Amino acid sequence: QLVESGGGLVQPGGSLRLSCVASGITFNYLAIGWFRQAPGKEREGVSCIRVSDSSTYYADSVNGRFTISRDNAKNTVYLQMNSLKPEDTAVYSCAAVEAPAYSVQDMCAVPRYYYAMDSWGKGTLVTVSP
């Protein structure tokens with residue numbers, strides 16, 4: 001089970017930190033990603049991390065502004081979002097897959113791998129608006 005928190009309303013240029021808490025699965029075996037979907041748009045892989053080696057991937061649209069990290073003691077993955085833009089407005093969901101044979105880049109950037117996720121959270125809304 002995955003539970004997200006930390007969404008909300010923020011002004012352009014502001015920051016938010018999202019959290020994704022995993023339970024019922026072996027955290028160290030996971031690759032966990034943050035995905036977002038805005039109204040009328042397809043789901044986009046924002047950032048993914050492999051817990052065991054901390055390998056990461058960022059979409060071009062967020063690279064340099066967002067940072068993904070994990071806290072093994074808390075079974076939690078974070079997404080620190082800085083310099084937020086109105087186009088970052090979306091429902092952000094975390095998803096996890098156990099011990100994937102493919103890269104975190106594939107996990108995030110190749111939509112057919114979204115169907116291979118073992119678990120999805122319900123999502124948290126991020127709204128960036130003046």
Side-chain angles (χ1 to χ4, degrees):
Q1 181 182 4
L2 301 175
V3 178
E4 306 97 335
S5 62
L9 173 64
V10 63
Q11 294 185 342
S15 298
L16 282 175
R17 189 178 79 159
L18 305 182
S19 300
C20 173
V21 180
S23 62
I25 45 181
T26 305
F27 189 72
N28 212 42
Y29 294 163
L30 298 178
I32 297 179
W34 286 98
F35 300 81
R36 67 185 181 186
Q37 189 164 21
K41 295 189 176 181
E42 294 187 351
R43 178 175 284 160
E44 175 189 19
V46 174
S47 182
C48 292
I49 185 169
R50 188 184 304 270
V51 173
S52 60
D53 63 9
S54 292
S55 56
T56 58
Y57 166 84
Y58 295 94
D60 289 343
S61 56
V62 306
N63 197 21
R65 300 188 297 123
F66 291 9
T67 302
I68 193 169
S69 62
R70 87 276 189 271
D71 185 334
N72 287 30
K74 295 181 179 180
N75 282 10
T76 300
V77 168
Y78 302 100
L79 186 69
Q80 178 67 43
M81 306 186 295
N82 299 328
S83 302
L84 283 161
K85 305 175 182 180
E87 52 263 42
D88 294 317
T89 295
V91 174
Y92 285 70
S93 302
C94 61
V97 57
E98 187 170 0
Y102 41 89
S103 68
V104 288
Q105 178 173 343
D106 283 344
M107 176 184 177
C108 256
V110 180
R112 64 185 174 94
Y113 286 111
Y114 301 171
Y115 300 99
M117 300 299 176
D118 293 317
S119 182
W120 284 88
K122 293 183 178 181
T124 185
L125 177 62
V126 172
T127 303
V128 185
S129 178

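Basis for what follows: all heavy atoms, side chains included, without hydrogens, waters or symmetry-related copies. We're numbering straight along the sequence, starting at 1. Keep in mind that what you see is a predicted model, and the values were worked out from it rather than measured.
Residue pairs meeting the side-chain hydrogen bond (donor to acceptor under 3.5 Å, both in side chains) criterion with at least one partner in residues 56-74, sequence neighbours excluded, are N28-N72, R36-S61, E44-S61, S54-R70, R65-D88. Counting only residues at least two apart or on different chains, no side-chain hydrogen bond (donor to acceptor under 3.5 Å, both in side chains) pair has a member in residues 117-127.
Residue Y102 qualifies as enclosed at atom OH: its count of foreign heavy atoms under 6.0 Å is above 12.
Rounding to the nearest 0.5 angstrom, the gap separating the CG atom in N75 from the OG atom in S23 is 8.0 Å. The SG atom of C94 sits 12.5 Å away from the CD1 atom of I49 when rounded to the nearest 0.5 Å. Atom CD of E42 is separated from atom CD of Q37 by 8.5 Å, given to the nearest 0.5 angstrom.
Pairing each heavy atom of P12 with each of P130, the nearest pair is CD-N, 3.7 Å. In this structure, G7 and V126 approach most closely via the heavy-atom pair CA-CG2, 4.1 Å. In plain terms, the two heavy atoms of C20 and I32 that are nearest each other are SG-CG2, 4.4 Å. Between A90 and L125, the shortest heavy-atom contact is O-CD1, 3.6 Å. Closest of all the heavy-atom pairs between A59 and G45 is CB-O, 3.4 Å.
Residues M107 and L2 fall into different hydrophobic clusters, defined by Ile, Leu, Val, Met, Phe, Trp and Tyr side chains chained together at heavy-atom separations under 4.5 Å. Hydrophobic clustering (side-chain heavy atoms under 4.5 Å, transitive across Ile, Leu, Val, Met, Phe, Trp, Tyr) groups F66 together with L18. By the rule that hydrophobic residues join a cluster once side-chain heavy atoms approach within less than 4.5 Å of another member, Y114 and V97 end up as members of one cluster. Hydrophobic clustering keeps L79 apart from F35 (ILVMFWY residues linked when any side-chain heavy atoms are closer than 4.5 Å, directly or through intermediates). Criterion: ILVMFWY side-chain heavy atoms under 4.5 Å apart, direct or through other members. Under it, L30 and V104 are not part of a common hydrophobic cluster.
Take V10 and apply the side-chain contact (heavy atoms from CB on, under 4.5 Å) test, not counting sequence neighbours, and it matches L16, L84, V128. S15 meets the side-chain hydrogen bond (donor to acceptor under 3.5 Å, both in side chains) test with N82; sequence neighbours excluded. Residues forming a side-chain contact (heavy atoms from CB on, under 4.5 Å) with V110 (at least two apart in sequence, or on another chain): D106, R112, Y113. Residues satisfying the side-chain contact (heavy atoms from CB on, under 4.5 Å) criterion with A99, sequence neighbours excluded, are absent altogether.
By the 4.5 Å heavy-atom criterion applied to side chains, R50 and P100 are counted as neighbours. Using a 4.5 Å heavy-atom cutoff, the side chains of F27 and V77 are in contact.
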Trace of the side chain to side chain contact (heavy atoms under 4.5 Å, CB included) decision for W34 with C108: CA-CA 8 Å; W34 286 98; C108 256; over 6 Å; no
